[in-house]
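Single-structure report; data block below.
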Amino acid sequence: MRLPYFQHHTPKSLNAALKLLEKIDGRGIIMAGGTELLNRMRLRLVEPEHIISLSMIRGLGNISVNKNKEIDIGATAMLNYVAHFFEKVKPYKAIHEAAIQVASHQIRNMATIGGNILQDTRCMFYNRSRQWQKTVPPCHKRGGNICHAVKNSRRCFAVYQGDMAPVLIALKAVAVFYTSESTHEIPVEDIFSMDGKRPITVEGNRILASIRIPSPEEGLFSTYKKYRIRDGVDFPLAGVAIAIKREKDIIADLRICLTGVASRPFIIKDMGHVFYGKTLSPQLMEEIAHLAFENAHPVDNLEDSSKKRRLMVRQMVFDALLEADTCH
Ligand SMILES: Cc1cc2nc3c(=O)[nH]c(=O)nc-3n(C[C@H](O)[C@H](O)[C@H](O)COP(=O)(O)OP(=O)(O)OC[C@H]3O[C@@H](n4cnc5c(N)ncnc54)[C@H](O)[C@@H]3O)c2cc1C
Ligand code: SF4
């Protein structure tokens with residue numbers, strides 16, 4: 001499938017990119033690695049007149065540790081680099097595990113962490129060729145007023161299938177956005193709406209510059225489990241990110257974030273409070289896994305059934321907690 005016509009810009013600084021974005025207000029789009037955006041353009045799901053590439057901005061893909069021991073990941077850091085960097089940062093093992101499981105090795109050499117977080121939602125009735133789309137009436141996400149997945153629904157259930165955001169949310173990461181006037185620091189979990197049509201809340205002429213991870217806490221363990229049919233290329237049909245902090249054997253904090261089961265990375269609320277002070281026994285693991293299962297409400301709009309994806313959430317949460325216990 002051929003790409004539509006567009007003008008390609010390669011600014012050399014973040015400032016120049018922001019100025020350009022303002023100048024072409026609403027007619028252009030940011031591109032990092034292009035591995036998600038260009039596919040949507042081929043399907044004619046988005047047809048920007050201008051593409052502003054971040055690839056020539058030096059330093060935007062660096063990873064560094066600041067004086068507070070927080071880790072700053074530049075938005076254009078390639079996923080293979082991210083995976084490699086976090087392989088040795090033990091409490092943040094989940095970042096390595098999520099990054100290394102995105103797509104294929106070749107794609108991870110182009111794909112960036114920023115593009116991964118800000119990718120669009122997906123649906124098997126939406127991510128289709130223009131030819132296919134012509135044969136059915138347009139759904140909510142294509143400007144119509146029906147949904148092919150959930151009959152009579154007034155909203156879109158397209159699925160957020162990014163691998164990195166759930167992990168970053170579980171680890172309380174903050175996203176740093178720049179506009180030409182100011183800088184905004186927003187918890188990664190607040191970037192997302194629950195609207196499948198418009199999943200990203202941060203709008204306007206802004207660029208994601210970096211993601212900041214808090215300094216690793218003692219007793220913290222994190223892991224990411226992914227369910228997909230074909231290892232090596234597939235998006236998650238369900239994914240589970242867990243961050244658990246224990247003092248001796250007692251739970252001091254617990255955060256669980258799901259992907260592939262809703263229109264946003266879905267954080268299960270209040271787990272830290274509910275399970276604070278408890279010991280991680282097999283019964284408790286079952287209880288937490290069941291709570292995650294009850295919070296996951298996928299619909300039948302991906303390649304596997306919603307029932308199976310929900311059951312996989314329960315299994316993966318249990319497996320992750322078992323691993324946390326073994327590694328403690
Ligand atoms: C075969 C295949 C398999 C894939 N499998 C997976 C998978 O398993 N898991 C997964 O999560 N993804 C998967 N992807 C999707 C994609 O490759 C990744 O999500 C990748 O990390 C996107 O990064 P990118 O730099 O290429 O983003 P781009 O395509 O450049 O951009 C994606 C979106 O983010 C916006 N954007 C990018 N950077 C910025 C920024 N700094 N500031 C503001 N906006 C920005 C763009 O405007 C665009 O809307 C797959 C893609 C393919 C083709
Ligand atoms: S969930 Fe429904 S409205 Fe949303 S993209 Fe799929 S078919 Fe369209």
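Whatever order the structure lists them in is the order used to number ligands and atoms, beginning at 1.
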Q: Ignoring hydrogens, just give me the one of Asp120, Asn116, Thr35, Ile200 whose non-hydrogen atom is nearest atom 16 (C) of ligand 1.
A: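 Among Asp120, Asn116, Thr35, Ile200, the closest heavy atom to atom 16 (C) of ligand 1 belongs to Thr35.
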
Q) Nearest to atom 6 (C) of ligand 1 by heavy atom, Tyr160, Phe177, Phe235, Tyr178: which? A)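 That would be Phe235.
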
Q. Between Lys197 and Thr121, do the side chains contain an N or O donor and an N or O acceptor separated by less than 3.5 Å?
A.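 Judged by distance alone, the side chains do not pair up.
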
**Q.** Polar contact flag, side-chain donor to acceptor under 3.5 angstrom, Ser180-Glu22
**A.**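 Yes, a side-chain donor-acceptor pair sits under 3.5 Å.
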
**Q.** Polar side-chain atom of Thr279 near backbone of Ser281 as donor-acceptor pair, under 3.5 Å
**A.**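 Checked: no pair found.
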
Q | Where ligand 2 meets Ala158 - atom numbers and elements under 4.0 angstrom, heavy-atom basis | A |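 Reading through ligand 2 atom by atom, the close ones are 1 (S), 4 (Fe).
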
Tell me which protein heavy atom sits closest to [atom], plus the residue, atom name and distance to 0.1 Å.
atom: atom 7 (S) of ligand 2; result: His148 N, 3.4 Å
atom: atom 8 (Fe) of ligand 2; result: Cys139 SG, 2.3 Å
atom: atom 1 (S) of ligand 2; result: Phe157 N, 3.2 Å
atom: atom 2 (Fe) of ligand 2; result: Cys147 SG, 2.4 Å
atom: atom 4 (Fe) of ligand 2; result: Cys156 SG, 2.4 Å

N/O separation below 3.5 Å, [X] to ligand 1:
X: Ala103; answer: yes
X: Ile29; answer: no
X: Ala32; answer: yes

Q: Determine the interplanar angle of the Tyr92 and Phe86 rings, folded into 0 to 90°, and report it as parallel if under 30°, tilted if 30 to 60°, perpendicular if over 60°.
A: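 Because their plane-to-plane angle lies in the 30° to 60° range, the rings of Tyr92 and Phe86 count as tilted.
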
Which atoms from ligand 1 have a heavy atom of [X] less than 4.0 Å away?
X: Leu79; value: 21 (O)
X: Val233; value: 3 (C), 4 (C), 5 (N)
X: Asn39; value: 53 (C)

Q: Could you tell me which non-hydrogen atom of Ala173 sits nearest to which non-hydrogen atom of Ile211, and how far apart they are?
A: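 It is CB-CG2, 3.9 Å.
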
Q) Where does Cys123 meet ligand 2, judged by heavy-atom distances below 4.0 Å: at the side chain, the backbone, both, or neither? A)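 Just the side chain.
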
Q) Got Leu79 and Thr112 here, is their nearest side-chain heavy-atom distance under 4.5 Å? A)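 Side-chain contact under 4.5 Å: no.
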
Q: Take atom CZ of Arg155 as the centre, draw a 6.0 Å sphere, and report whether it contains more than 12 heavy atoms from other residues, nucleotides or ligands.
A: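 Atom CZ in Arg155 is crowded, with more than 12 foreign heavy atoms closer than 6.0 Å.
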
